[in-house]
Amino acid sequence: MRLLSRVAERLYWMARYMERAEDTARLTQSYSHLYMDTPEGADLGWDVLVNILDGQPAFENRFRVYNEQNVLKFLISDEDNFASIRQSVRAARENVRTTRDVLPEAVWEHVNELYLYTKEHAETSIGRRNRHRFLDEVQGRCQIVAGLVLTTMCRDNAFRFMALGHLLERADMTTRVIDVGAGALLGSGRSNQTIDPLIWGSLLQSLSAMSTYRRNVGPLPEAAPAVEFIFKDPTLPRSLQFCLNSIRGELKQLKHNEQALKTLERARRRLKRFNPAQASWQELHQFIDDIQVDLYNLGENINQSWFLTDPA
Amino acid sequence: MNKSWQSYETGPYYDELVTEAGKPRVVARRAVNMLQSLSDEEMSARRTAAELAINDMGISFTVYSEGENIDRAWPFDIIPRIIKSKDWARVSKGLAQRTRALNCFIDDIYNKQKILKDGIVPAETVLESGNYKEQCAGMSPLYGAWAHVCGTDLVRDRDGKFYVLEDNLRVPSGVSYMLENREITKRVLPELFENYSIQPVDDYPSRLHSTLAALSPRKHRRPCIVVLTPGIYNSAYFEHSFLARGMGAELVEGSDLFVDDDDCLYMRTVDGAERVDVVYRRIDDDFLDPEVFNPKSMLGVPGIMRAWKAGHVAIANAPGSGVADDKVVYAFVPDMIRYYLNEKPAIDSVKTYLCMHEKDREYVLNNLDKLVVKPANESGGYGLLVGPHSTKAKRDQFAKLIEKNPRNYIAQPTLSLSTAPTYAGDRVEPRHLDLRPFILSSRETWVTPGGLTRVAMVKGSLVVNSSQGGGSKDTWIVEGSK
């Protein structure tokens, strides 16, 4: 099947935005739960969520204080924050709108419904009362679309570029969650270590990995095994290892893949060398920074190898 | 009978579903009875269901307002328009004949110009028109087909007869809404279909595909067909995407295509360049090729005309087809049918007075209060005089304009557009409508069964354009006996 470069690009971004909306919803939800579970005075702060998504400059342009109301508004409904759930869904829909001809028909209907849903409900879902339901709904609807793609699309290039978008975004989100979450919440100088398992539980939850962790590792989430699991388990769909392996599988089937594969292999080697059990917070942070650079470069490689960057 | 229908009264017009005596027409009886048997709540629930379906299916059109593009839900009236297949057969035959003659005309104009030499059509009205593209002279596309997709606007006058109002030969739109309207009716009024045998419309995309495939310069099993769109901000983008999907063709923008040194057209894919055989273009001639037409165009493809003239790619509709899509040329279509086909026109045009002819001009000047006067080269109702609704000052102004530049004006009698029951607010009332069928031409000619019915949702209004508050109806061609 032939696939236009422009269409490939839009499918890729559609997948990234859908993944972003879903991941942000899950992250926000598990963090909200964590917040309710922690004893008063634990002082978790809402800025963590903004930091994970690298949204500080955009946030501070709009708001003065990092309180629950502002942060949730920023993440859920803010029209000026292009990474808010509402705007991610809107961007995903724009990309589907221009690629409907290569997607199963139901994909458009579901993405469009999701768009209408977020448009109608985002504003009123910032408060705790409706928040849970809204975030649940967003995740569920995103998964319907992902499921549709998985069960109805031919494994052709169109599918491949969507898969790349999903995987790259997911890998990115996984590393962010660990980096900022662990760094800010578990870093040095904290007094109350009794809530650590709660926090690790929440981080695992935000990656849909809690129950799998319990079955595979044990009932009590602890720092090193949790990081090991989230980064290196090759069977967990949101682990870094799984994402990188799957990206490799997709890249292998495309022509002109040399640059992208090279960058990918660099990231895979880096991950192989990394040992969470022996790493300090500092080293963990450095590792994540390096991986983020790899992922960024991979995005650039994809852009240059297959999209419409050079009209000649 | 529910309240919504109780006071339905036809005006002094032909009503599509109800007779002057207030009884449903035979062909519409079962549908009208069924709709009247619904409770008022049920009527309104069906309309809400239609609105929801339209939203969910994402059927929209784009309007420009205050510098912004707004994606609006497609306006739809749930009561279908029903036409007897026997009546339609006549119309359909007339449309096929008319389109054949128009294609003969375009082919003639860009080649031998026999019709001009024989004095049937005055040469200067054709050759001096902005729609005549000299760059197309000497081309003879396959099967002599230039306007491969034609959208012809019809109206039904007081006598119940269909008249051609205009031929759209450039990039006519609306066909996707014809298909979606049927889909919506199936969803919200499924019971209506039980008692009718209705000609299906949903094979249009495959008909369009075979029409286009027949034009491919390379003879292989699956020619590469693309739909060329100006992009997401075009008001008909929904349709471009719809048709590409329906045909399994690629939806492309100008930047996806390029012409190489071999004068062939290619598209950029993730596997590299791939040759294109047929372009169903939905952008105007002027924007098609910056090398030949408007040099500032960002929408087109530099060199595409070279590729076309070299015979390496087919373009539908062929560049230059607009030469037959002109208000003055319109007046000569019946003559063309006699001239090229040696047949009698099977569908009527609206009587048209050409002010360039002295006798016509005299009649027009004496009857300005009864006529609609249109400038020959403007479209979209700009600079129009509607006699019966005009002031003395306005008529005097137009009289002066006509005398100063008679070639630039035509006049037609004011028509009474037919009406049909339309669910407006909480009651069913008559509203005016027109009809746009689509005619496909390449190896064969094919006419859609029915077409897109557009309806003026505002009481008494004759404006059916969706950008100005017009709506639409599902249009049924039904077998008489069942």
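Residue numbers begin at 1 in each chain, while the letters A, B, ... track the order of the sequences.
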Those residues at least two apart in sequence (or on a different chain) that pass side chain to side chain contact (heavy atoms under 4.5 Å, CB included) with A/A122 are A/I76, A/S77, A/R86, A/F134
Considering residues, nucleotides and ligands other than A/E105, do more than 12 of their heavy atoms fall under 6.0 Å from its CD? no
Interchain contact, A/E109 with chain B, by part (heavy-atom threshold 4.5 Å): both
Applying a strict 4.5 Å limit to non-hydrogen atoms, the region of B/D260 in contact with chain A is neither
Heavy-atom distances under 4.5 Å only: say whether A/F161 touches chain B with side chain, backbone, both or neither. side chain
What pair of heavy atoms forms the shortest contact from B/V270 to A/W306, and how long is it? O-CD1, 3.5 Å
Could you work out, with ring-ring contact (aromatic ring centres under 6.0 Å, His included) as the rule, every residue matching B/W446, not counting sequence neighbours? none
Residues of residues 293-314 of chain B with any heavy atom under 4.5 Å of a heavy atom in chain A: none
Which atoms of A/R93 come close to chain B, meaning under 4.5 Å heavy atom to heavy atom: side chain ones, backbone ones, both, or neither? side chain
For chain A, find which of B/H240, B/E274, B/R245 contributes the most heavy-atom pairs closer than 4.5 angstrom. B/R245
Nearest-0.5 Å distance, CG of residue B/L251 to OG1 of residue A/T98: 8.5 Å
Heavy-atom count check: over 12 atoms from other residues, nucleotides or ligands less than 6.0 Å from A/R155 CZ? yes
Enter the distance from A/D101:CG to B/M247:CE here, rounded to the nearest 0.5 Å. 10.0 Å
Measuring from B/D271:CG to A/N157:CG, what's the distance to the nearest 0.5 Å? 5.5 Å
Residue by residue, which of residues 215-226 of chain B have a heavy atom closer than 4.5 Å to a heavy atom belonging to chain A? B/R222, B/C224
Examine whether an atom of A/L3 lies under 4.5 Å from a heavy atom of chain B, and if so say whether it belongs to the side chain, the backbone or both; otherwise answer neither. both
Give, as side chain, backbone, both or neither, the part of B/A249 having an atom under 4.5 angstrom from any heavy atom of chain A. backbone
Mind checking the CD-CZ spacing from B/E253 to A/R6? Nearest 0.5 Å is all I need. 4.0 Å
Measure across B/E250 and A/L4 and return the closest heavy-atom pair with its distance rounded to 0.1 Å. OE1-CG, 4.1 Å
Can you tell me how far the CD1 atom of B/I59 sits from the CG atom of A/N112, to the nearest 0.5 Å? 10.5 Å
Contact check, side chains of B/F242 and A/R100, non-hydrogen atoms, under 4.5 Å: no
With a 4.5 angstrom heavy-atom cut-off, could you sort out which part of B/V252 is near chain A: side chain, backbone, both or neither? both
